[in-house]
Number of protein chains: 2
Amino acid sequence: MSLNTAINPNVSVDCVVFGFDNEKLNVLLIQQKLPSTKEQRYALPGDLILDNESLDTAANRVLKEISGLSGIFLKQFRAFGDPDRVSNIKDLEFLKSYRKNPQARVITIAYFALVRMENFKPEASSFAEKVFWQDVTELPDLSFDHTKIVSQALEKLRHDFIRDKTGFELLPERFTLGQIQKLYEIILNENLDKRNFRKKILKEELVKATNQKQTGVLHKPARLYKINN
Amino acid sequence: MSLNTAINPNVSVDCVVFGFDNEKLNVLLIQQKLPSTKEQRYALPGDLILDNESLDTAANRVLKEISGLSGIFLKQFRAFGDPDRVSNIKDLEFLKSYRKNPQARVITIAYFALVRMENFKPEASSFAEKVFWQDVTELPDLSFDHTKIVSQALEKLRHDFIRDKTGFELLPERFTLGQIQKLYEIILNENLDKRNFRKKILKEELVKATNQKQTGVLHKPARLYKINN
DNA sequence: TCAAAAGTGTTAAAAGTACACCCATGA
DNA sequence: TCATGGGTGTACTTTTAACACTTTTGA
């Protein structure tokens, strides 16, 4: 096996990083740096893998190089490899600027993650002009097949979220039951019954009441809870 | 985009085809053709993709070329791309016989399927010396990282099987409730309560009673059912 | 008559679902 | 005093789980 860091011209990784801000579900996008035109093109952070790194390593490296974000658990969820996934002429222009072999047919391995937005402040570098959080309900057109990738990532997110009963780590250290409920409602995109939701969450004992309360709110202050370890 | 059929030296597909024979769960393996040695090496059917075909197409083509099997619904489940997934010296020997660039680092996209064994009689060709069904509980050592791929395919199979309540197509046209139960028990690898299982299956109405019965069995003959369309 | 799998119901516990009113706070 | 989200209980339905004996057939 070679130990150099040659670029593998046929395989890339793309990262769908979802961010939650107590209000909306967002996804991390980049605005591509396009030397020759003023038009704005958006995409997921992603790039070719190196020939001596694992896919997981590549995903973390690429995300960091483009957006500055690290320490995020990225989970592989699917390979996308239609021969014509780069069919738009504008995408080809972009590739010509940044790749040795822009015509090469590239298979991409897609990763996704879910984080608390306020903990991760993206900063653009490499071929990203900007990096920003975008409301998933208001996605612009994306380059390549990235719209499809985001939509399949969302499906996967919802599926895993229900199954694993996880997601508390997306909340502040102390949080109200209302905030958890909102988190679930936003990710699952449906309304839940307050009493039933509380019953269930408390029964599972993933969460523990503190004796603190909210302050400064325009309504009855809610009790604060924390993760139960 | 190129329209030729150049081989993509960096991406392959591997197929985990599970076969059910009313008794056991099996997986389709090949014995590799090794010109220089008499040693026997086993592997999943798999090969490099062509540069102008989709991943799904590649999976179906490769399976057919190696084993003769076609008309099987193959579902992508994961990419495997550790840089050292080809670490065994014997695997390298095999690659030297069949690949232009045997040292190339290859990422593989793994597919799985579940079929009724008696409907698919594999016939070896290409670099397969033999193709055969192997009991999943008695797997030999496999080449590359194929043992890992099979074990993750099994997990995925069980997960999807429960969720989708499918699998009746693995039974003969007319079947008994006992046969369905056995199918579930073999795939899920656990014992189920007969009365509860029947109640559930019948409630779902995926299955319809006929007025035929088994004949020639050494016990009370069971009523035959068929798929309810 | 024996062995083997078919066939059959009840009960209890747990989980899910629908639903409406009062409370504490800051403006 | 008002608007806002917090907080609470009950009744009903559905789902799951545990459990044992009789029946029919061919050998």
Side-chain angles (χ1 to χ4, degrees), chain A residues 20-24 158-159 161-165 168 171-226 228, chain B residues 20-24 158-159 161-165 168 171-226 228:
Chain A
F20 179 68
D21 64 358
N22 299 328
E23 295 298 326
K24 300 186 292 1
R158 289 186 176 129
H159 180 250
F161 198 73
I162 295 170
R163 216 176 48 140
D164 304 343
K165 288 175 183 165
F168 299 108
L171 296 166
E173 203 179 341
R174 300 290 158 105
F175 48 83
T176 69
L177 295 182
Q179 284 176 299
I180 306 184
Q181 184 174 344
K182 191 158 185 193
L183 168 64
Y184 272 76
E185 289 179 335
I186 288 170
I187 290 183
L188 303 182
N189 199 29
E190 58 183 318
N191 294 322
L192 305 171
D193 179 274
K194 189 170 34 160
R195 282 180 284 197
N196 294 338
F197 183 81
R198 284 167 175 244
K199 235 182 293 174
K200 193 165 183 177
I201 287 293
L202 292 175
K203 176 130 63 96
E204 284 166 6
E205 293 186 326
L206 300 168
V207 124
K208 208 159 108 184
T210 69
N211 42 23
Q212 295 172 272
K213 292 194 170 188
Q214 281 182 311
T215 53
V217 289
L218 323 192
H219 54 77
K220 175 170 173 180
R223 158 164 277 167
L224 294 173
Y225 289 75
K226 60 179 183 179
N228 186 10
Chain B
F20 179 69
D21 64 358
N22 299 327
E23 294 297 327
K24 301 188 289 8
R158 290 187 175 128
H159 180 250
F161 198 74
I162 295 170
R163 215 177 48 142
D164 305 343
K165 290 175 183 165
F168 299 108
L171 296 166
E173 203 178 340
R174 301 290 159 105
F175 48 84
T176 69
L177 295 183
Q179 285 176 298
I180 307 183
Q181 184 174 345
K182 191 159 185 190
L183 167 64
Y184 273 75
E185 288 180 335
I186 288 169
I187 290 184
L188 303 182
N189 199 30
E190 57 183 319
N191 294 322
L192 305 172
D193 179 274
K194 187 166 42 157
R195 279 179 286 195
N196 294 337
F197 182 80
R198 283 165 176 245
K199 238 182 289 174
K200 194 164 184 176
I201 287 294
L202 293 175
K203 175 130 64 97
E204 285 166 6
E205 293 186 327
L206 300 169
V207 122
K208 209 160 109 183
T210 70
N211 42 23
Q212 296 171 276
K213 292 195 169 188
Q214 279 182 312
T215 53
V217 289
L218 323 193
H219 54 77
K220 176 170 173 180
R223 157 163 279 165
L224 293 173
Y225 289 75
K226 59 178 182 179
N228 187 10

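So you know, we letter chains A, B, ... as the sequences are listed, proteins then strands, and number each from 1.
Rounded to whole angstrom, the span from the CD atom of Gln181(B) across to the P atom of dA6(C) amounts to 8 Å. Rounded to a whole Å, the CD atom of Glu185(A) is 13 Å from the P atom of dG5(D). In this structure, Asn196(A) places its CG atom 14 Å from P of dA15(C), rounding to the nearest Å. One interatomic measurement links the two molecules: CD1 of Ile180(B) to C1' of dA5(C), which rounds to 16 Å at whole-angstrom precision. Computed from coordinates, the Phe197(A) CZ to dC19(C) C1' distance equals 18 Å when rounded to whole Å. For the pair Lys194(B) NZ and dA18(D) P, the interatomic distance rounds to 17 Å; values are reported in whole Å. Put simply, CD on Gln179(A) is 16 Å from C1' on dG7(D), counting in whole angstrom units. Across the protein-nucleic acid pair, Leu192(B) atom CG and dA18(D) atom C1' stand 14 Å apart, rounded to whole Å.
Remark: Lys200(A), Lys203(A) in residues 200-216 of chain A come within less than 4.0 Å of DNA chain C through at least one heavy atom.
Residue Glu204(A) qualifies as enclosed at atom CD: its count of foreign heavy atoms under 6.0 Å is above 12.
Side-chain N or O atoms of Gln212(A) include none that pairs as donor or acceptor with a backbone N or O of Leu224(A) at under 3.5 Å.
Position along DNA chain C of the nearest nucleotide to Leu218(B) versus Lys199(A) favours Leu218(B) as the more 5'-ward residue.
Between the OG1 atom in Thr176(A) and the CZ atom in Arg223(A) there is a gap of 12.5 Å [rounded to 0.5 Å]. With rounding to the nearest 0.5 Å, the separation of CD in Glu185(B) from CG in Leu192(B) is 4.5 Å. Here the CZ atom belonging to Phe197(B) is positioned 11.0 Å from the CG atom belonging to Asp193(B), to the nearest 0.5 angstrom. Here the NZ-CG distance, from Lys200(A) to Leu202(A), works out to 12.5 Å after rounding to the nearest 0.5 Å.
Remark: the Arg195(B) side chain and the dA20(D) base include a donor-acceptor N/O pair separated by less than 3.5 Å.
Within the 4.0 Å cut-off from OP1 or OP2 of dG7(D), at least one side-chain nitrogen or oxygen of Arg198(A) is found.
If you check dC19(C), dG7(C), dA20(D) against the side chain of Asp193(A), the one that comes closest is dC19(C). Here dG6(D) is the nucleotide among dG6(D), dG9(C), dC19(C) with the atom lying nearest to any side-chain atom of His219(A). When the nucleotides dG5(D), dC19(D), dA6(C) are ranked by their closest atom to the side chain of Lys220(A), dG5(D) comes out on top.
Using a 4.0 Å heavy-atom cutoff across all strands shown, Arg223(A) reaches sugar-phosphate atoms only and no base atom.
Taking the six-membered ring where tryptophan is involved, the planes of Phe168(B) and Phe175(B) are essentially parallel, since the angle between them stays under 30° and well short of 60°.
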